[in-house]
Structure formats: C-alpha cells, structure tokens
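I have a structure I would like to understand better, so I am pasting it below and will then ask my questions one at a time.
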Amino acid sequence: MSSARSIFISYRRRTSIDITGRLYDRLVGHFGENSVFKDVDSIPFGVNFRHHLEQEVSHCPVLLAIIDPDWLGVADDRGRPKLANPADWVRIEIETALQRDRLVIPVLVGGAALPEESALPEGLKALAYRQSAQVRCDPDFHRDLDRLIHRIEGVFSSLAVGVGSSAIGQDRSGTTALASPPVNLIDELAAALATANQTAQAPVPRMGRRRWLRMMGLGILGGGSALAIHQRVPALQTLATGEIPPIPDLSTLPDRIQTALEQAEAAVLSPGAESSPLTPASEPPEPAPLEPSLGTTNSSELYSYESVNVDEFGMGRSQIKFATPSHQALRLETPIGPVTLRLVAVVGGQFVLGAPDSEPGYDPSQPAQAIAAVDSFWMSVHPITQAQWRAVAQLPEVNLVLNPNPAYFTGNDRPVEQVSWAEAVEFCERLNQLAQTYPSASGLKRYRLPTEAEWEYACRAKTTTPFHTGQTITTDLANYNGTQPYRQEPIGQFRGTTTAVGAFGKANDFGLYDMHGNVLEWCSAQPNPSASDPWRVVRGGSWQSPPQQCRSAFRSGRKADTRSNEVGFRIVGEG
C-alpha cells in the first residue's frame, strides 16, 4: 500500500476484533479497500513480518491505535504483558508510526481511557500525549465515526496541498511562475548538508579563549546555532532565483571569521588613533531630514517567521520555522521620525477560489468555487498600522485629505481602522508619489490595494482548509469572537478590541500575519466597476467576527465611504 490516502489500523484481535471490524467497514466504504490496512493476514508468507509491518506503517500517513479497556493488560501464553515484548506486533506498529512522525490517533473503544505515560514501554510513551478519538457503541457509533472520518479527511487534504507535478507553471496570462519545489528537495538538501558536514570536519586553526570571547562581544559569533529539517516543503518565497546569494563553502569559515574580526577592529580603531579608541568622530551625525523621504533597511537579512497547523480540536499538529531573503523593509523618513513598512514576496500561481459547500459556514449566496490565477506580487506582512498611516498622512496630498489619527482603538502598533476605501487608496497614491521621487529606494514601482483573488491566495498560502491554520482556529492564534467554537476547539475569548499586529507570533506559510481576524481588509474594486456602485469587498474577519466569518473564503461588502472600527487594509507592491 503506497497511497497518500492510506490508513493503518492497529488493534488486538483478542479483545477488540468486533468493534474494529465495524470501524474497518466504515473506513473502507468511505476511503476504499486499498486505502485501509487492518489485518496481519495480508502479510505475504515467508517475509520478515517486522520489516513488512514497518514498511506498511511508513506508507500510511495515519495510524489508528484501537485501545479497548483490556489493551494494556493483554498477556501472552506465559502471562507476560504483550506490550513488554519488543517483538509484539501492536508495539511494532505504533512505535514505527511514532518514530516516523505519522499522525497517530488513539481510538478509545468500549469506554477505555488513554493510558498514562508511566504504564507504557519506552517506545510508546509519546502515545499518552496524542489527542484521542472516542468511538462508542450504538446509537453513537456512526456519529463518532463521522467525526473521525472528517478529521482524517482534513489530514489528507493538508497533505495534498504541497504536492505539485511541476516546478514551473503558467498562469492565465501566460506568465511563467515558480511553484512549490518537488518533494525530493528534502533529499537533495539532506545530501548537501551531509557534504557540508564532512567539509566542516576538516582541521581548522585553533582559537584562543580570549579571541573567541572578543569575537562574540563584537557580534561576529553567536552563542550557538541550530538547523532543523522538516518533511514539509514550504512554497518558495522568492521572485527570482538569482536573488538568493550562494552559500559559502564551510571550509572557508575560519578565514571569513578572521576577515570579519579585522574589519570590526578597524572600525573601532581608526588609523592614527590606536591609543584613543573612543575619540569622537570629527563630523557630527546628520540631523533627521525635514522633508519626507523613502529608503530601505538592510534587506540582506533573512525574514524569519513561524507558522502553525492545528486539528479540528484546536490542538497543534505542526509548527514550522521559515526564513526567506525575499522581503523589503521600506523606511519612511518623515518629519515625525522614521517608520518601517515591511513587505514579503508572494509567488503567483493557480488555486481554488472560494469554499466547497461541505465547509462549515458555507454560504450558498456567495460565488461558487472557481480556479483563479494570480501573478507574483509583494504584500505588507501586517495590516497597515496607525504609525504607518500617520507617517504617510504627512506626505503631500494627492486626491484626499487624510486624518492622521482616525482609529477608534489607539496604539501605534495596532491596525489603523475607521478609514474609508477611498482613503486607503489615497494612502497607496501618496506612497506611489513618494516612490517616484526616490525611484531606486525599493525597486517597487507601484503600491495598491490587493484584488480579491490576490488576498485569498495570500491568505491561504497553498492551503485548502477553512483557515491557513488548518481545520479550525483558536483565539490563541487570532483575534476574533471565539465564544462560539467553529468545530471542536475549546471556547475562546472575546477581547472586544483590536490587538497589536503580529501579537500572536504565528504567520501563515507566506509570512503574513493577521489574515484571520483583527480587522477586515479593503480589497481593490472589481475590473470596470459601475460608477454608481457604492460597494467594495472586505476580507478576513475582524475582532468581533465569529470564526465562520474569518475563513479564507469568506467575503463581505461595505459601502466605500464606510468608516468602521472593524475595517482596515494592507497593501500590495508591484515591481
């Protein structure tokens, strides 16, 4: 069995064969006979059963561990607990799945409880911390199985997101765009790291303790570093492969450290001033400019962020760290001081716009699902903050006067709200006017509001689930009205106010924060809008939206002149 939609059922024949048979029939009826592995009778004669079981488990993304009330106490013919035997089939199956980081779901039947860690052998102790599913007898059996099948479908859907048939595709306009890398990129990376590790083991010059401490004090060396490889390949966050500098050979590390040390020491001790390292510079620092200007901070540093994925119970399934060089940090030098506005590159592609009718919260009055395509673009990593708004409001007027302090919930790092659609457009036009004055500052030629398709594509970040966090969302991950759960997550809080952008510390896989909740976000007008049409689309949900209205597919309308403490915006940049 090698299907990506495969399920392995681990159970004790002696104690749970009947309930497992019913469960197996339901799963086969839904997923197909070739997608469910249950019985050791299917092991070919003469093969090593341990290797065969390990291989079958490795092929299945999901393992269901059927646990009945006697599961721990089942003994062999000599009266010894079966789980204490390393060759026990059930132990082999579950240990293999845990070691290979498969989704192991303890399925509690017959009123059984999840075993405590102390009662399990060493290789199974992690089972005690896996979220379990309960399957009761009639009349609750089919209801419990429906819930379990729905959860497994969510797992398979998330696995299907990263599978691509090609590294390069074309959108509807014929523009070639980078897509997700092939899965074997992990193997190539592992091989490259192994080669680098062998190089790093070559003899290097020894370094004295004083010199080592001096380099750490100058910031040239950190206290330590770590690299983790996850078997989940994120979407490439770069507009052109040439933008990523080549990785230096590790064998040159001592020479590069020495060069960096000499440069740092030269910066501290200028020629002719060795005896007075603290001599002040001959020229005073330049005062802050009185006229607005535009620049960029050092974009050679990687933009790092974390994303998280949860199941329908709100329990974390995975947390992944990303880093990309494809970002811009615009520095707005204004009369009221410098303000930074960060954007990240989003590689275009095709995706399914909208929600299926099976998605909780689906509204049949909204447009049906459709295939959409977007070109690559840049997007601000947060909704526009009040500090960013105030800085741009100081720039020369283009079409409208802007109130520098429109927000109801005040705070420099909170999203700006109570701005109309036209005022959000004016914000972009003032940035465009400034960019024309400093054309080489950022490399971006135009700023605007995102289209609906761009917004949803950016929000989903290659996911197909209701939220980019997975099957549900929690108020530990976003700011919305969590008093009514979306699925089976715990009841959350209702804060009744906006929160600082990025306050929850988790972005989506594209590096974008607050795509669900906090403030609704204006989108650009539809192509060729009617002059008499006063309505504009907002996306993303707000601080007082229920979770159904924070889904990636949810859309709503507001009159263009609306000023609401629920509505803000983020911007898109074009190269």
Side-chain angles (χ1 to χ4, degrees), residues 1-43 52-72 74 82-83 88-115 120 123-137 140-159 311-313 315 317-318 470-471 488:
M1 180 187 301
S2 58
S3 169
R5 293 172 55 88
S6 299
I7 304 166
F8 191 105
I9 303 179
S10 173
Y11 73 107
R12 291 284 183 201
R13 278 192 170 191
R14 186 180 303 179
T15 57
S16 57
I17 189 170
D18 292 335
I19 189 72
T20 301
R22 292 191 66 192
L23 188 147
Y24 173 83
D25 291 340
R26 276 295 310 274
L27 293 176
V28 167
H30 185 88
F31 295 102
E33 185 174 359
N34 292 330
S35 295
V36 185
F37 180 95
K38 175 178 73 79
D39 238 320
V40 294
D41 290 342
S42 61
I43 299 178
H52 184 81
L53 288 175
E54 290 176 346
Q55 185 178 30
E56 289 292 341
V57 171
S58 298
H59 288 326
C60 298
V62 176
L63 181 141
L64 304 181
I66 311 300
I67 298 177
D68 61 271
D70 298 323
W71 185 79
L72 273 175
V74 173
K82 280 182 170 285
L83 283 179
D88 176 58
W89 289 0
V90 169
R91 178 169 171 175
I92 291 172
E93 294 161 357
I94 300 176
E95 276 185 346
T96 301
L98 292 172
Q99 290 168 1
R100 285 159 173 74
D101 200 24
R102 297 298 184 259
L103 179 63
V104 178
I105 304 177
V107 179
L108 307 180
V109 299
L114 191 64
L120 295 169
L124 298 183
K125 290 187 180 297
L127 185 66
Y129 301 100
R130 296 296 175 110
Q131 182 70 31
S132 61
Q134 186 179 39
V135 174
R136 295 164 291 182
C137 297
D140 300 310
F141 176 83
H142 291 289
R143 187 183 304 113
D144 291 345
L145 256 294
D146 288 340
R147 185 179 306 165
L148 178 61
I149 289 172
H150 187 76
R151 181 178 180 185
I152 296 172
E153 278 287 7
V155 176
F156 293 157
S157 296
S158 64
L159 290 173
D311 60 19
E312 65 176 302
F313 299 97
M315 302 294 292
R317 284 175 43 198
S318 65
Q471 292 297 334
Q488 300 184 71

Here the gap from Leu145 atom CG to Leu23 atom CG, rounded to the nearest 0.5 Å, amounts to 5.0 Å
Judged by modelled atom types alone, do Thr15 and Asp68 share a side-chain donor-acceptor pair under 3.5 Å? yes
Determine, for Asp146 against Arg143, whether the closest basic-nitrogen to carboxylate-oxygen distance falls under 4.0 angstrom. no
At what distance, to the nearest 0.5 angstrom, does CZ of Arg12 lie from CG of Leu83? 5.0 Å
Got a second to check how far Asp25's CG is from Thr20's OG1, nearest 0.5 Å?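 So the gap between those two atoms works out to 11.0 Å.
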Distance (rounded to the nearest 0.5 Å) between Leu148 CG and Glu153 CD: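 Answer rounded to 0.5 Å: 11.0 Å.
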Taking only residues two or more places apart in sequence or in another chain, which ones pass side chain to side chain donor-acceptor pair (under 3.5 Å) with Arg151? Asp311
Just do the side chain to side chain contact (heavy atoms under 4.5 Å, CB included) check on Val74 and Val90 with the steps written out, would you? CA-CA 11 Å; Val74 173; Val90 169; over 6 Å; no
Taking all non-hydrogen atoms of both residues into account, name the closest pair between Ala113 and Ile67 and its distance. O-CG2, 4.3 Å
Looking at CD1 of Ile105 and CD1 of Ile152, how far apart are the two atoms once the value is rounded to the nearest 0.5 Å?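 Rounded to the nearest 0.5 Å, the CD1-CD1 separation comes to 5.0 Å.
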The criterion is side chain to side chain donor-acceptor pair (under 3.5 Å); which residues satisfy it with Gln488, sequence neighbours excluded?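 Listed in chain order: Arg147, Glu312.
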On a heavy-atom basis, the closest approach of Tyr11 and Ile17 is CE1-CA, 4.1 Å
Write down the atom of Lys125, the atom of Leu120, and the distance for their closest heavy-atom approach. NZ-O, 3.0 Å
Tell me which one of Trp89, Phe37, Tyr24 satisfies ring pair (Phe, Tyr, Trp, His ring centres under 6.0 Å) with Phe8.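 Passing option: Phe37.
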Which atom names give the shortest non-hydrogen contact between Glu93 and Ser10, and what distance separates them?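 Closest pair (atom of Glu93, atom of Ser10, distance): OE1-OG, 2.6 Å.
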Smallest separation among heavy atoms of Val104 and Arg130, with atom names: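 In terms of heavy atoms, the two residues are closest at N-NH1, 3.4 Å.
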Considering all heavy atoms of both residues, which atom of Ala128 and which atom of Pro115 are nearest to each other, and what is their separation? CB-O, 3.4 Å
Rounded at 0.5 Å granularity, tell me how far CZ in Arg91 sits from CG in Leu127. 12.5 Å
Going by heavy atoms in the side chains, are Ile149 and Phe31 under 4.5 Å from each other? yes
